[in-house]
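Data block below; observations after.
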Number of protein chains: 2
Amino acid sequence: MRILKEPEVRKNEILDAAEELFAQKGFDGTSTNNILEKASIARGTLYYHFKSKEDIMDALIERINARILTAAEEIASDKNIPVFERLLRAVLALNVSEQSANVLEYVHKPQNALMNQKIHRAMMAGIPPILTEIIRDGIQEGLFDTPFPYECMEMVVVYLNTIFDEDMPALSDSERSAKVKAFAFNAERLFGAQEGSFVNVMAMFNEKGQNDHD
Amino acid sequence: MRILKEPEVRKNEILDAAEELFAQKGFDGTSTNNILEKASIARGTLYYHFKSKEDIMDALIERINARILTAAEEIASDKNIPVFERLLRAVLALNVSEQSANVLEYVHKPQNALMNQKIHRAMMAGIPPILTEIIRDGIQEGLFDTPFPYECMEMVVVYLNTIFDEDMPALSDSERSAKVKAFAFNAERLFGAQEGSFVNVMAMFNEKGQNDHD
DNA sequence: ATTTTATAGACAGACAGTCGGTCTATAAAC
DNA sequence: GTTTATAGACCGACTGTCTGTCTATAAAAT
């Protein structure tokens, strides 16, 4: 007895199943059979809707990415929020909020190198423009001073994604704290911000970050 | 008629074969059968020496990495070379020289995500300490001024690896030139160097870089 | 001669994708 | 209204490739 569904419905069911499995076992650790079972469909159905396993991953990344960037973009364009707070909230939306907890799950799976690469690329295309808008407002208000806001933001985002990514050799608490301090100092230099201003943002970041996880 | 060889000899033959194939077709695109054929050995021999396909890759990365970092380290510790030139030559040894042309080949293969990740990790562990030594000398000589030489170097290396990596969306010549200019400016800020000093280094870098490829 | 090391290749099971066929909904023809 | 044809969604057996395992054995060492 076969069950017919709208293509969009079925596609999302497959993506839902894949999302859960990739997060749990990684892309490489998830077989198409796992997906079939979880979505309760046959092999031919899967390949009717997606042309390959990698196609499923690409669709999933696109879906997740859209969610995350949309949330951050709304925050970034809300001129009623002060610049530093906006920056903080956008970063939270991108890295720590419940929505992007999914991204972190994937990134840290050992069998997810390809997916990591694609996620990273999507993030690098999407995040700096959003955050640079905030930096430009900060420049207008005299909080920052750099002729290259985009490139500064790009550098900071790349670094955050790499060094504070749990995938890298684990940092002890004191190592992490030292790195955060150094990073704040370096970010102040890059953006031409007043010394100490990013340290304060970082403190808020850590507080909010921890609250979110309690 | 079987041919016996010293384990180290045989191991290196397998690695040589793998090195060529991974560069040509990527890790995922290379089957163990390809390696068997190229090294003229049987499957059992391969698994006698290496415990898995991934083990071969790990050994290969280690081999290449050792070569590259050794060359750069020699340059970095040669106190007779002026700081800026030492920095330039070490960077060349790490990124552009013939030895590391091999690394670039791997990094840009579409089926090499896992290998990229491992190479990147190895590089991030090996490169910043070497270059930071040079920065420290520069601080001693008053060329640089930063309380966080290591973290600055780390940031710069991460950025160089990511943004100027050909794997990222291709940059036009003018885009690249603009990015190099912005990067030089930002590096000057990070290291507390005199404005314009890194732009000059970059010019040398481009010249030398181009000559190497002609 | 016996033991150890290195080599060979047949075999097994998992995997992603293919292919031929079936089923369902629906429009068109009667 | 009923019948027929069509489109497209679905099914599952099958295929070829892949990595790793296992058994046999040649060559070297003792």
Side-chain angles (χ1 to χ4, degrees), chain A residues 1-22 24-61 106 109-115 117-118, chain B residues 1-61 109-115 117-118:
Chain A
M1 219 273 281
R2 54 172 62 186
I3 303 172
L4 280 210
K5 293 183 181 181
E6 288 290 322
E8 285 313 305
V9 171
R10 186 67 86 180
K11 266 193 181 173
N12 273 300
E13 282 179 356
I14 295 170
L15 288 180
D16 290 342
E19 182 162 3
E20 200 168 326
L21 289 165
F22 290 170
Q24 190 187 340
K25 313 153 76 121
F27 177 73
D28 288 348
T30 300
S31 69
T32 50
N33 233 47
N34 296 146
I35 299 174
L36 301 186
E37 284 162 7
K38 196 162 196 72
S40 306
I41 55 170
R43 182 162 292 284
T45 305
L46 184 72
Y47 287 97
Y48 177 81
H49 291 280
F50 296 96
K51 65 181 193 305
S52 65
K53 187 179 171 191
E54 191 172 330
D55 192 34
I56 296 173
M57 170 170 63
D58 290 335
L60 185 57
I61 289 174
Y106 302 125
K109 284 293 168 204
Q111 291 85 29
N112 255 333
L114 182 59
M115 201 171 177
Q117 197 179 73
K118 292 186 181 231
Chain B
M1 220 272 281
R2 54 179 64 181
I3 304 172
L4 286 209
K5 294 183 182 180
E6 288 290 321
E8 283 313 305
V9 170
R10 185 67 86 180
K11 265 193 180 173
N12 272 301
E13 283 180 357
I14 295 170
L15 288 181
D16 289 342
E19 183 163 1
E20 200 168 325
L21 288 165
F22 290 170
Q24 191 186 340
K25 310 153 77 122
F27 177 74
D28 288 349
T30 300
S31 69
T32 49
N33 234 46
N34 295 148
I35 299 174
L36 301 188
E37 284 163 6
K38 195 162 197 69
S40 305
I41 55 170
R43 181 162 294 283
T45 306
L46 183 73
Y47 285 96
Y48 178 80
H49 292 281
F50 295 96
K51 65 182 194 304
S52 67
K53 187 182 170 190
E54 191 171 330
D55 192 34
I56 295 173
M57 169 169 64
D58 290 335
L60 187 56
I61 289 174
K109 284 292 170 204
Q111 290 84 27
N112 255 334
L114 183 58
M115 200 171 177
Q117 196 178 74
K118 291 187 181 227

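Here is how names work: the chains are called A, B, and so on, in the same order as the sequence lines, proteins then strands, and each is numbered from 1.
Pairs of Watson-Crick or G-U wobble type, with distances under 3.5 Å, assemble into runs of 3 or more in DNA chain D at these ranges: C:1-30 with D:1-30.
As rounded to whole Å, 13 Å separates atom P of C:dC15 from atom CG of A:Leu21. The CG-C1' distance, from B:Leu46 to C:dG9, rounds to 13 Å in whole Å. Atom CG of B:Leu4 and atom P of D:dA26 are 12 Å apart (whole Å). When the C1' atom of D:dC10 is taken as reference, atom CD1 of A:Ile35 falls 17 Å away, rounded to whole Å.
Minimum interatomic distance between B:Arg10 and B:Ile3 (heavy atoms only, all atoms of both residues): NH2-O, 2.7 Å. Heavy atoms only, all atoms of each residue included: A:Phe27 and A:Met115 are closest at CB-SD, 4.5 Å. For the pair B:Leu60 and B:Ala18, the tightest heavy-atom approach, listed with the atom from each and the gap, is CD2-C, 4.1 Å. A:Gln117 and B:Ala113 make their closest contact through NE2-CA, 3.8 Å (heavy atoms, listed as atom of the first residue, atom of the second, distance).
Annotation: proximity of residues 6-14 of chain B to DNA chain D (heavy atom, distance under 4.0 Å) is found for no residue.
Looking only at side-chain heavy atoms (C-beta outward), A:Leu114 and B:Leu114 stay at 4.5 Å or farther from each other. Two residues are said to be in side-chain contact when any heavy atoms from C-beta on lie closer than 4.5 Å; B:Leu15 and B:Phe50 meet this criterion.
Rounding to the nearest 0.5 Å places CD1 of A:Ile35 at 12.0 Å from CG of A:Asp16.
The list of side-chain hydrogen bond (donor to acceptor under 3.5 Å, both in side chains) pairs with a residue in residues 41-59 of chain B, not counting sequence neighbours, reads B:Thr32-B:Arg43, B:Asn33-B:Arg43, B:Glu54-B:Lys118, B:Asp58-B:Lys118.
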Inset, instruction - List the steps and the verdict of side chain to side chain contact (heavy atoms under 4.5 Å, CB included) for A:Glu20 and A:Thr30. - result: CA-CA 10 Å; A:Glu20 200 168 326; A:Thr30 300; over 6 Å; no
Inset, instruction - Step by step, work out the side chain to side chain contact (heavy atoms under 4.5 Å, CB included) result for A:Leu21 and A:Gln24. - result: CA-CA 5 Å; A:Leu21 289 165; A:Gln24 190 187 340; 4.2 Å; yes
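With sequence neighbours left out, the side chain to side chain donor-acceptor pair (under 3.5 Å) criterion links B:Lys11 to no other residue.
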Inset, instruction - Can you check each nucleotide of nucleotides 12-25 of chain D against protein heavy atoms at under 4.0 Å and return B for base, S for sugar-phosphate only, - for none, in 5' to 3' order? - result: BB----SBBB--BB
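An OP1 or OP2 oxygen of C:dT7 is reached within less than 4.0 angstrom by a side-chain nitrogen or oxygen of B:His49.
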